[in-house]
> 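What follows is a single structure, and I will ask about it in a moment.
Both ligands and their constituent atoms are indexed starting at 1 by order of listing.
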Amino acid sequence: MKGMVQTGPEAGQPPFGVMPLSDALGAEIIGLDLRERLSKSVFDAVLDTWHAHGVLLFRGQDLDETKQAAFGARFGDLGKVLNNHNGRSSTPGVMYISNVREDGQLVGALPDGEMFFHSDQCYVERPGMATMLYAMEVPSRGGDTLFANMYTAYETLPGRIRARIEGKLALNVYDYENNATTRGSEPREGVPSFAHPIVRTHPATGRRALYVNRLMTHHIVGMDRAESDALLDMIFDHQERPEFIYEHVWTPGDLLIWDNRCTLHARSNFDAAERRMMRRVAILGDKPY
Ligand code: SIN
């Protein structure tokens, strides 16, 4: 996901610029207004750029729910919204990530504070392949979203560690309240969970990527628990090495789309007294293999 790619209006080139966001991953797409429907050839070029960089940024966008959902639907079927916070969104597939309260009620999910690295919905059989977040209101400091490149994390693991995880599954659980992935604790009965390959193959690029994470991966299936804990802790530290990470400091009007199949993301802390209002669309994916 490295390298400077500059495209322009020459023959055979898409009509947008591509500026890498970091040495780790991510690229900014320059020159597209996402209120307008992109032609098939332009969208295909966007898709290729996304596959090459893992995260795309479009700055200065002016999107309502319908326009954001329509752009998301170009990537695939939109995921179901599990909590619409009293009908906050009137567009299927759209939800809010926010700490804002109206009449004492939260208007969005995942309201406050830091979040550890994770891949969205890794605790279900068919996790979302992509997540799109649009910044409406952001705090003056913090609330940044960090992305880590799981292709590079896999490729740079020592060979002896790669051999130990080859062909193995890990159980991912959704149990934030119980802090289930703190080593030594157990998930509560009935919480959503699913075992997926520790290393998955990206269906579009054919590349292999690490698919475990500190927030939701509980243990390696069929491995002694102490050995699994030690191995996972080592992998989590490796995945979060600074050279694999791009940290996005949001400005209202930014739209980011990330690929959950080859990246992890996290959120930095922010002042709970400041408003943060983001609009999210998730795109369905296939069962990891
Ligand atoms: C998420 O993990 O989907 C939320 C990320 C964020 O709020 O920056």
Side-chain angles (χ1 to χ4, degrees), residues 21-22 24-26 54-59 61 63 68-69 72 75 78-85 88-89 93-101 106-124 127-150 172-177 179-181 192 211-217 236 239-240 245-285:
L21 291 168
S22 71
L25 78 171
V55 178
L56 292 184
L57 165 66
F58 304 80
R59 293 189 204 270
Q61 302 295 322
L63 298 173
Q68 184 177 346
F75 290 80
L78 301 189
K80 280 206 186 78
V81 169
L82 297 179
N83 183 350
N84 189 16
H85 292 89
R88 175 83 202 173
S89 159
V94 172
M95 65 179 280
Y96 291 84
I97 304 289
S98 185
N99 62 351
V100 174
R101 287 167 173 80
L106 281 168
V107 302
L110 307 175
D112 295 311
E114 181 184 3
M115 292 183 75
F116 286 170
F117 275 99
H118 62 283
S119 179
D120 289 333
Q121 299 113 39
C122 60
Y123 49 85
V124 300
M129 73 158 169
T131 308
M132 183 183 274
L133 211 53
Y134 176 66
M136 301 169 71
E137 293 179 71
V138 299
S140 58
R141 262 196 305 155
D144 305 337
T145 308
L146 295 86
F147 298 94
N149 184 335
M150 289 304 105
N172 301 303
V173 298
Y174 181 88
D175 192 13
Y176 297 157
E177 280 173 40
N179 225 347
T181 52
Y211 194 61
V212 287
N213 65 82
R214 197 183 292 278
L215 186 65
M216 300 198 225
T217 303
F236 298 153
Q239 291 175 309
E240 299 172 11
I245 292 175
Y246 164 68
E247 178 164 0
H248 187 67
V249 180
W250 293 92
T251 299
D254 287 350
L255 180 104
L256 277 178
I257 178 162
W258 63 84
D259 191 331
N260 284 306
R261 300 165 295 186
C262 58
T263 68
L264 298 183
H265 60 284
R267 183 170 72 194
S268 67
N269 204 3
F270 60 100
D271 183 348
E274 291 200 54
R275 290 167 65 101
R276 188 175 190 268
M277 183 84 176
M278 319 291 277
R279 195 194 293 129
R280 180 163 101 163
V281 166
I283 293 110
L284 288 177

> Taking the side chain as everything from C-beta on, heavy atoms only, tell me whether Trp250 gets closer than 4.5 Å to Leu133.
yes
> Ignoring hydrogens, what is the shortest heavy-atom contact between Ile283 and Gly72? Give both atom names and the distance.
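Minimum heavy-atom separation between Ile283 and Gly72: CG1-O, 3.6 Å.
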> Where does Arg276 meet ligand 1, judged by heavy-atom distances below 4.0 Å: at the side chain, the backbone, both, or neither?
side chain
> Taking non-hydrogen atoms only, is Thr131 closer than 4.0 angstrom to ligand 1 via side chain, backbone, both or neither?
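Within the 4.0 Å criterion, Thr131 makes no contact with ligand 1.
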> Using a 4.0 Å cutoff against the non-hydrogen atoms of His265, which atoms of ligand 1 qualify?
1 (C), 2 (O), 3 (O)
> Which protein non-hydrogen atom lies closest to atom 4 (C) of ligand 1, naming both residue and atom, and how far is it?
Leu110 CD1, 3.9 Å
> Which atoms of ligand 1 are found less than 4.0 Å from any heavy atom of Ile97?
7 (O)
> Examine the side chains of Asp254 and His248 and answer whether a donor and an acceptor come within less than 3.5 Å of each other.
yes
> Is the NZ or CZ atom of Arg276 both under 6.0 Å from the centre of the six-membered ring of Phe270 and within 45° of that ring's axis?
yes
> Looking only at protein heavy atoms, which one is nearest to atom 5 (C) of ligand 1, and how far off is it?
Leu133 CD2, 4.1 Å
> Is a donor from one side chain sitting under 3.5 angstrom from an acceptor on the other, for Glu274 and Ser140?
yes
> Decide whether the shortest distance between a heavy atom of Met278 and an atom of ligand 1 is less than 4.0 Å.
no
> Can Thr263 and Asn149 be counted as having a side-chain donor-acceptor contact under 3.5 angstrom?
no
> Taking only heavy atoms of Thr145, which atoms of ligand 1 are found under 4.0 Å from at least one of them?
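Contacts of ligand 1 toward Thr145, numbered from 1: 6 (C), 8 (O).
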> Give the minimum heavy-atom separation between Met277 and Ser98, together with the two atoms involved.
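Closest approach of Met277 to Ser98, heavy atoms only: SD-OG, 3.2 Å.
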> For ligand 1, which atoms, with element, lie under 4.0 Å from some heavy atom of Arg280?
3 (O)
